[in-house]
Amino acid sequence: MVRVRIAPSPTGDPHVGTAYIALFNYVFAKKNNGQFVLRIEDTDRTRSKPEWEHMIIDAMKWLGLSWDEGPDIGGPHGPYRQSERGAIYAEHAELLLEKGGAYRCFCTEERLAGVREEQRKAKVAMPGYDGFCRKLTPADVKAKLADKIPFVVRLVVPDAGVTMVKDKLRGEVSFENAQVDDQVLLKSDGMPTYHLANVVDDHLMEITHVIRAEEWITSTPKHVLLYKAFGWAEPEWIHMPLLRNADKSKISKRKNPVSLNYYRESGYLPRAMLNYLGMMGWTMPDAREKFSLEEMIPAFGFDRISLGGPVFDIQKLTWLNGLYIREQSADDLAASISRDLLSPAALEAMTPLIRERVNKLEDVVDHLVYFFAGDVAYSADARAALVPKGKSAKDAANMLAELLEIVDGLAKIEAADIEAKMKALCDKLGWKTKEFFMPVRVAVTGRTATPPLHETMAVMGKERCRRRLRAAIAVLKSQG
RNA sequence: GGCCCCAUCGUCUAGCGGUCUAGGACGUCGGCCUCUCACGCCGAAAACACGGGUUCGAGUCCCGUUGGGGUCACCA
């Protein structure tokens, strides 16, 4: 039985790269009458948030990639949230300690930083943990444990030899063990790192094929070593090429919209997104470019994967989406417009904001534009208002960039919350409120006159706000 | 920088030694259709990174160079 999984980390917006890898896992599972598991990797206590998890699950459902087991529906291998599996990891770390596959490390952050610094200065070829605590005697360990000195558990990596990773797409990739660090397996807060949790869970959940992004390939030897230390059989390793920005670097929010919500709210259709992602690195045997998930499944095979990292080209995605939009009947299109864009709920949220500004019903249209539109045009007046008197375009761009950073970190914009955060930012920068809010208003709406900003932003939604902040920053930068 | 991966038009790609004077798609440009725009249709420009091998024959196999990317956390 083929069993695969997608294991997103709920530390930010649902990512297009997650959808990409999920798609190939899903299709491979379906092709082989296998099962697809959703597992939430929330072992980073400081960055993981339940809101992000909800958004990821919601986005995956929007795409239509359904899973057979997951935190929302349960299953025989649960729990599917790593934060709820602490005892399992502790137990396995202990097992590894007994088998000699791991050791306790009592080094402080400071010592580690010092070691790193020295290695940096000495230009050591392979910086990494220096193995200090590996030399501790059982008596040393016992004493430190008794003194309640905090510790982490590290993987024992052999000093010599080679670890081979058999990748389905790349063949045998070998790594000198000397190049592999004694990775931390269990953090001092008792939570596992990705490496431990991933291996333990994949084994316990009976995952047969690990289909993940190429960025993981260099840590795979650690995983292979872990399987060996536990005495478990390895899954098949399949490292997919990475989605890229136009400059070929790994796709990132700085250079591309990467949130699935951006595409969802812009009105890209899930089937268009899936189709486009399906042609990133893979082609239909008959060379068709337009194909459905159902058509992809029987045709799929890893033999048609190409390994060059594909550039995520929104223009081509948009063309494809247009094909799907136009093939709907006018009735169906009208229905999706009133359901997904001009919905009663959206209108109800906007109405209180624009009511005072309206004398005739038709007046609403002018105000509705910036709530519903994608990008807004910045007129000459608007451009002028983007830069407050006494400030430079650069100042304004920097200010908006800081605001963008704040918006990025929010799962959802709430009026009171964003108002407080903007006031705080304004104070921090030492700007007058007038100087601060007008550029933001113009950036986000393209207008110099709008309903109260924080409410407008909340109703407009995070995706619209951030894309326009980005656009305004770009305008300011081009002005020098 | 060490290690690892990758390498056909600007971009996504076809090509699995001869059928390649390299095919398709997006984008770009030109034209047709047309009240405008869009859609649609037709056409054009546009690529095998470089150097060595192997072979009767290399875009296709091997090696090197160059280039790009990834990774070197108590993040995933």
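The chains referred to below are lettered A, B, ... by the order of the sequence lines, with proteins before strands, and numbering in each begins at 1. Atoms considered below: every heavy atom in the structure, side chains included; atoms not considered: hydrogens, waters and symmetry mates.
Atom-to-atom, CZ of A:R244 to P of B:C6 comes out at 12 Å; the value is rounded to the nearest Å. Taking atom CG of A:D13 as the reference point, atom P of B:A76 lies 19 Å away to the nearest angstrom. Between the NE2 atom of A:H239 and the P atom of B:C6 there is a distance of 12 Å, given to the nearest Å. If you measure from atom CG of A:D201 to atom P of B:A76, you get 13 Å, rounded to the nearest angstrom. Per the geometry, CD belonging to A:Q179 stands 10 Å off P belonging to B:G2, to the nearest Å. Rounded to whole Å, atom C1' of B:C4 lies 13 Å from atom CG of A:L307. For the pair A:I305 CD1 and B:C16 P, the computed distance is 18 Å after rounding to whole Å. Taking atom CZ of residue A:F312 and atom C1' of nucleotide B:C26, one finds them 13 Å apart after rounding to whole Å.
Remark: A:R447 is not positioned above the aromatic ring of A:Y370, lacking an NZ or CZ atom under 6.0 angstrom from the ring centre and at most 45 degrees off the axis. Under a cutoff of 6.0 Å and an axis angle of 45°, A:K462 and A:Y262 do not form a cation-pi pair. Annotation: cation-pi pair A:R104/A:F151 present, NZ/CZ under 6.0 Å from the ring centroid and within 45° of its normal.
The pair A:E214-A:R170 counts as a salt bridge, with a side-chain nitrogen and a carboxylate oxygen less than 4.0 angstrom apart.
Taking 3.5 Å as the limit, the base of B:C72 and the side chain of A:T218 contain no donor-acceptor pair of atoms between them. For A:R47 against B:C75, a side-chain N or O and a base N or O form a donor-acceptor pair under 3.5 Å.
Across all strands shown, B:C41 forms a Watson-Crick or G-U wobble pair with B:G31, both key distances being under 3.5 Å. B:C72 is paired with B:G1 under the criterion used here, namely a Watson-Crick or G-U wobble arrangement in which both key atom distances are under 3.5 Å. Summarising the base pairing, B:A25 is matched to B:U11 through a Watson-Crick or G-U wobble pair whose two defining distances lie under 3.5 Å.
Of the candidates B:G70, B:C4, B:C74, the closest approach to any side-chain atom of A:L112 belongs to B:C74. Of all nucleotides listed (B:C12, B:C6, B:G27), B:C12 comes nearest to the side chain of A:K248. When distances run from any side-chain atom of A:D44 to the nucleotides B:U13, B:C74, B:C75, the shortest one goes to B:C75. Minimum atom distance to the side chain of A:T193 is reached by B:C74, of the listed B:C12, B:C74, B:G70.
Judged purely by distance below 3.5 Å, without hydrogens or angles, the side chains of A:W67 and A:D72 pair a donor atom with an acceptor atom. Counting only N and O atoms by type, the side chains of A:Y80 and A:E69 include a donor and acceptor under 3.5 Å apart. A:D140 and A:T137 form a side-chain donor-acceptor contact under 3.5 Å, judged by distance and modelled atom types alone. Looking only at atom types and distance, the side chain of A:D331 has no donor-acceptor partner in the side chain of A:S329 under 3.5 Å away. Side-chain polar atoms of A:T43 and A:R85 form no donor-acceptor pair below 3.5 angstrom.
The backbone N or O of A:M205 sits less than 3.5 Å from a side-chain atom of A:R3, completing a donor-acceptor pair.
Taking the six-membered ring for Trp and the full ring otherwise, A:F300 and A:F302 have centroids separated by under 6.0 Å. In summary, the aromatic rings of A:Y276 and A:F312 are positioned with their centroids under 6.0 Å apart.
Using a 4.0 Å cutoff on non-hydrogen atoms, the parts of residues 249-275 of chain A near RNA chain B are A:S249, A:K250, ordered by number. Taken residue by residue, residues 282-296 of chain A places heavy atoms nearer than 4.0 Å to RNA chain B at A:T283, A:E289.
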Listed pairs, N/O of protein and of nucleotides 42-49 of chain B, under 3.5 Å:
none

